[in-house]
Amino acid sequence: MTSELSDALRGLEGAVQADLAAAADAGALEQVRITYLGRKGALAGLMGRLPSLDPAERPAFGKVANEVKRRLEESFQARQDALEAAARAAAAATEGLDVSLPGRPLPVGRLHPSTQALRRICQIWADMGFQVYRSRDVETDERNFGLLNIPLHHPARDMWDTFYTTAEGILLRTHTSPGQIHAMREYCPQPIRVILPGMCYRYEQITARSEIQFHQVEGLAVGRNITLTDLKGTLINFAHRMFGQERRVRFRASHFPFTEPSAEMDVECIICEGKGCSICKKSGWLEILGCGMVHPVVLQNGGYDPAVFSGFAFGMGPERITMLRHRIEDIRYFWANDLRFLEQF
Ligand SMILES: [Zn+2]
């Protein structure tokens, strides 16, 4: 009985080794495993006959059976490893693995185009000795309008549609100019050279040309003997640093309630170099900022005696400058959080 079973075991071992050697792929190998080594396979069938043996014969048969089983499992593992290695080698040969391909790029954040423009503007003014002065977004009606020479019912208020809050006399600033009053009252009677960057808010229809929020950079210089010549020289210097040393600049007379005289500064079109294009509406010039000599009433409201002190102020929009520079045709892109727009800067 024992020898008969042992012969069957050895026969089985020979058959398995032959089939393993013939298995050419993972599917054939799996079939060999199921047929011989699986839970209902041939080996399990032979082992299942162990209880029918004479108890004295069982240990000897069990020993042989375990040795055969171990050898078969080793052979199976070796064949599996060999087939996998061959499959990898074949894939490398046919699919052409290129180890010199660049890796997948990691996503890297970047600064918002408005932040980039603000930092550039602040950098230039810092180089020219202007400090950054931070002022609040929520203002009183008095500082946003009254102290800037725009009293109640003044027609100039129609220039700004305002977000009023439920608290009387409290509003979201429509421009950065109220910061001038804060700065003057803080520094008076010292001379001042500051820029005031920040967000402004207007209750307007949102269109390609106007948003309800946008940045402004205000500038203010107050001291003794400051003249219109200083205003022009300083702003021309800024325009050259911002847009290039060769860029031509011109001033046009204008009107603001808080400056007298007032002007708007144009630079030669940065797209067409002054030849005339659709961005500059064929004029060759782009309006960049408004400016003027600080109105005596505003100086007085800031605590300075207009008979002794004088000053100039200016204001510009970083978004507007960015739009001109990159030919962006819709201001709504700036706050729409669309990565397709933001990733271009
Ligand atoms: Zn142009």
Side-chain angles (χ1 to χ4, degrees), residues 110-125 127-128 130 159-160 174-177 195 197 199-200 202 204-219 228-256 259 261-292 312-336 338 340-345:
R110 66 194 76 201
L111 293 174
H112 190 281
S114 290
T115 307
Q116 292 181 29
L118 270 174
R119 289 193 178 182
R120 174 96 187 100
I121 292 167
C122 289
Q123 179 64 52
I124 291 171
W125 288 107
D127 288 347
M128 293 165 74
F130 283 70
M159 288 163 62
W160 298 273
T174 58
H175 50 173
T176 43
S177 304
I195 56 166
M199 191 68 88
C200 306
R202 302 227 181 133
E204 286 183 2
Q205 179 84 33
I206 299 175
T207 69
R209 290 278 139 203
S210 62
E211 253 287 5
I212 58 169
Q213 60 173 44
F214 54 91
H215 285 101
Q216 268 190 356
V217 180
E218 185 98 1
L228 189 66
T229 318
D230 298 310
L231 176 154
K232 288 183 72 175
T234 309
L235 288 177
I236 291 169
N237 196 333
F238 165 77
H240 285 168
R241 290 173 188 234
M242 186 80 191
F243 300 106
Q245 290 297 326
E246 305 303 316
R247 194 71 56 189
R248 289 190 301 157
V249 173
R250 73 176 183 186
F251 290 85
R252 283 179 293 111
S254 184
H255 171 263
F256 302 107
T259 48
S262 304
E264 307 218 25
M265 187 174 85
D266 300 340
V267 296
E268 198 175 26
C269 179
I270 51 185
I271 305 294
C272 65
E273 308 282 333
K275 288 191 265 303
C277 67
S278 62
I279 302 291
C280 60
K281 299 191 180 72
K282 305 285 176 206
S283 70
W285 296 95
L286 296 173
E287 182 193 323
I288 292 301
L289 55 84
C291 56
F312 64 80
F314 53 87
M316 67 190 82
E319 280 88 31
R320 182 176 155 68
I321 291 174
T322 305
M323 287 173 79
L324 292 172
R325 197 169 220 170
H326 299 288
R327 296 187 183 205
I328 299 165
E329 286 173 352
D330 196 325
I331 196 171
R332 290 172 290 195
Y333 287 132
F334 282 92
W335 316 121
D338 188 336
R340 290 171 300 178
F341 171 74
L342 298 173
E343 283 177 344
Q344 294 180 49
F345 299 92

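Whatever order the structure lists ligands and atoms in, that order sets their numbers, starting from 1.
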Assess whether atom [atom1] of [X] is packed by more than 12 heavy atoms of other residues, nucleotides or ligands within 6.0 Å.
X: Arg252; atom1: CZ; answer: yes
X: Gln116; atom1: CD; answer: yes
X: Phe243; atom1: CZ; answer: yes

Check: In terms of ring plane angle, is the pair Phe341 and Phe334 parallel, tilted or perpendicular, where the classes change at 30° and 60°?
Finding: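 The rings of Phe341 and Phe334 stand perpendicular, inter-plane angle above 60°.
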
Next item on the list: Mind telling me whether Phe130 and Trp125 have parallel, tilted or perpendicular rings, with 30° and 60° as the class edges?
Entry: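 Correct class here is perpendicular.
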
Notebook entry, point to check: Would you call Arg247 and Glu273 a salt bridge, taking side-chain N to carboxylate O under 4.0 Å as the test?
Noted result: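 Between Glu273 and Arg247 there is a salt bridge, with a charged N closer than 4.0 Å to a carboxylate O.
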
Note to self: Given a threshold of 2.8 Å, state how many protein N/O/S atoms are nearer than that to the Zn ion (ligand 1).
What the structure shows: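 Of the protein's nitrogen, oxygen and sulfur atoms, 4 lie under 2.8 Å from the Zn ion (ligand 1).
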
